[in-house]
> 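Got a structure for you, questions after.
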Amino acid sequence: MRILAIGDVTSPRAAEFLSSRLWSYREEKKIDLCIVNGENATFINGVTAPLAKALLSGGADVITGGNHSLNLHTDARFFDDTPAVLRPLNFPAAAPGAGYTIAEAKNGYRVLVMSAMGTVGIDPVLDAPYRYIDSVLSREAGRYDFSVLDFHAEATGEKIATANYYDGRINIIFGTHTHVPTADLTVLPGGTGYVTDVGMCGASGGILGMRRDTVIRRIVTKVPEPFMPAEGACYADGVIFALSEANGRVTDLQRVLIK
């Protein structure tokens, strides 16, 4: 069983790039399920219905979310109508959409995919996600074969603690949000595959997918100005998790770069 996780898509151009390459990449790497974080796909403002549809038809099985998921209120109904597009499950119940789905992998296995958000140094401030995750695991027990959590958080310590808390109960846990791939790919003692941050999908030559000059001026002068997307060649950071179909333990993690 091979599952590919792709980091935050940072612009419509990045979404177009990924959609044009993902199916061929999946065939090459024999990927059974692909999860893409799309919460920045409209450039820091969530994901629109057209961009989500392009990513799903282009090779993503599930699109996970984050703190910007619901910025575009005009597309709120799309979340309710599209189970494969998630927002963090610890958003209030009144928020549109859902925080998890059960997707069918290419090889026929049922995969529970959850999207959750941290609480340290990130806005909006939500409830701690643990009772929500525990509720899903309990409610859906017996209805899935493997489980995955995209933990969208700022603080590395919060991500690592969460992974250890769910070690052996969730098969794969990967972090998103900081856009910088981390080197800590590991299999925890209980068999859970973990990485603190997958990285991002966007244009090269910028700062976290944004044009360098606008970011630097904001930092140096403290004067607000709109971020602009970087203009270099697009790429996508990802991690391939290989799982044992017999016991669900992750047997291998491989960092990949799609150019």
Side-chain angles (χ1 to χ4, degrees), residues 1-7 26 29-37 60-66 84 86 88-90 99-118 128-153 155-178 180-199 237-257:
M1 177 76 173
R2 290 167 63 80
I3 294 177
L4 170 63
I6 300 287
R26 288 186 60 167
K29 299 295 183 180
K30 297 180 172 55
I31 301 301
D32 297 301
L33 188 84
C34 179
I35 302 165
V36 175
N37 187 289
D61 293 296
V62 180
I63 298 173
T64 50
L86 307 178
L89 50 73
N90 48 328
Y100 76 94
T101 189
I102 297 176
E104 183 176 344
K106 184 179 179 182
N107 55 5
Y109 284 105
R110 303 162 300 170
V111 182
L112 171 66
V113 181
M114 295 173 286
S115 179
M117 202 169 107
Y130 309 110
R131 66 184 177 93
Y132 299 89
I133 296 171
D134 292 344
S135 175
V136 171
L137 293 175
S138 175
R139 182 168 59 249
E140 301 300 335
R143 299 178 183 174
Y144 63 90
D145 303 299
F146 305 102
S147 55
V148 181
L149 171 65
D150 174 354
F151 192 46
H152 196 79
T156 55
E158 186 180 21
K159 291 180 179 180
I160 295 167
T162 299
N164 280 271
Y165 179 62
Y166 286 108
D167 181 24
R169 293 189 285 161
I170 298 175
N171 301 107
I172 293 170
I173 299 174
F174 64 89
T176 55
H177 180 63
T178 62
V180 178
T182 55
D184 60 339
L185 285 78
T186 187
V187 179
L188 297 172
T192 295
Y194 171 72
V195 63
T196 295
D197 205 284
V198 179
D237 295 314
V239 173
I240 297 173
F241 298 83
L243 298 86
S244 166
E245 295 177 3
N247 58 24
R249 293 179 68 93
V250 171
T251 57
D252 185 63
L253 299 86
Q254 177 187 0
R255 182 166 287 289
V256 296
L257 178 64

> Any idea which heavy atoms bring M1 and D32 closest together, and the distance?
CA-OD2, 3.5 Å
> Determine, stepwise, if the pair D61 / K106 fulfils side-chain contact (heavy atoms from CB on, under 4.5 Å).
CA-CA 10 Å; D61 293 296; K106 184 179 179 182; over 6 Å; no
> Could you tell me how the ring of Y165 sits relative to the ring of Y130: parallel (under 30°), tilted (30 to 60°) or perpendicular (over 60°)?
perpendicular
> Would you find a donor on one side and an acceptor on the other, under 3.5 Å apart, between the side chain of S115 and the backbone of G65?
yes
> Working to the nearest 0.5 Å, report the span between CD1 of I102 and CD of E140.
4.5 Å
> Return the CD1 to CD1 distance between I35 and I63, rounded to the nearest 0.5 Å.
11.5 Å
> Decide side chain to side chain donor-acceptor pair (under 3.5 Å) for D184 and T182; before the verdict, give the C-alpha distance in whole Å, the side-chain angles of both, and the deciding distance to 0.1 Å.
CA-CA 6 Å; D184 60 339; T182 55; 2.8 Å; yes
> How about N164 and L188: do any of their side-chain heavy atoms sit closer than 4.5 Å?
yes
> How many angstroms lie between atom CZ of R110 and atom OG1 of T101, to the nearest 0.5 angstrom?
13.0 Å
> Any chance you could measure T251, atom OG1, to E245, atom CD, to the nearest 0.5 Å?
10.0 Å
> Between atom CG of L89 and atom CE of M114, what is the distance when rounded to the nearest 0.5 Å?
7.5 Å
> What residue among L149, V239, V148 forms side chain to side chain contact (heavy atoms under 4.5 Å, CB included) with F174?
V148
> For R26 and C34, work out which heavy atoms get closest and say how close.
NH1-CB, 3.8 Å
> Is a side-chain donor or acceptor of N171 paired with a backbone partner of G248 at a separation under 3.5 angstrom?
yes
> Search all heavy atoms of A153 against all heavy atoms of H177 and return the closest pair with its distance.
O-CB, 3.6 Å
> Does the side-chain contact (heavy atoms from CB on, under 4.5 Å) test come out yes or no for V113 and F146, once each step is laid out?
CA-CA 9 Å; V113 181; F146 305 102; over 6 Å; no
> One pair to check against side chain to side chain donor-acceptor pair (under 3.5 Å): T192 and D167. What are the steps and the verdict?
CA-CA 5 Å; T192 295; D167 181 24; 3.3 Å; yes
> What's the separation between atom CD1 in I172 and atom CG in L243, rounded to the nearest 0.5 Å?
4.0 Å
> Between V36 and A60, which heavy-atom pair has the shortest distance, and what is it?
CG2-CB, 3.7 Å
> Heavy atoms, side chains only, cut-off 4.5 Å: are V180 and D197 in contact?
no
> Determine whether V198 and N37 satisfy the following criterion, side-chain contact (heavy atoms from CB on, under 4.5 Å), listing intermediate values before the conclusion.
CA-CA 10 Å; V198 179; N37 187 289; over 6 Å; no
> Minimum heavy-atom separation for I133 and A116, please, with both atom names.
CD1-CB, 4.1 Å
> Where do L137 and Y144 land on the side-chain contact (heavy atoms from CB on, under 4.5 Å) test, with the steps shown first?
CA-CA 10 Å; L137 293 175; Y144 63 90; 3.6 Å; yes
> State, to 0.1 Å, how close A163 and Y194 come at their nearest heavy-atom pair, and which atoms those are.
CB-CD1, 3.3 Å
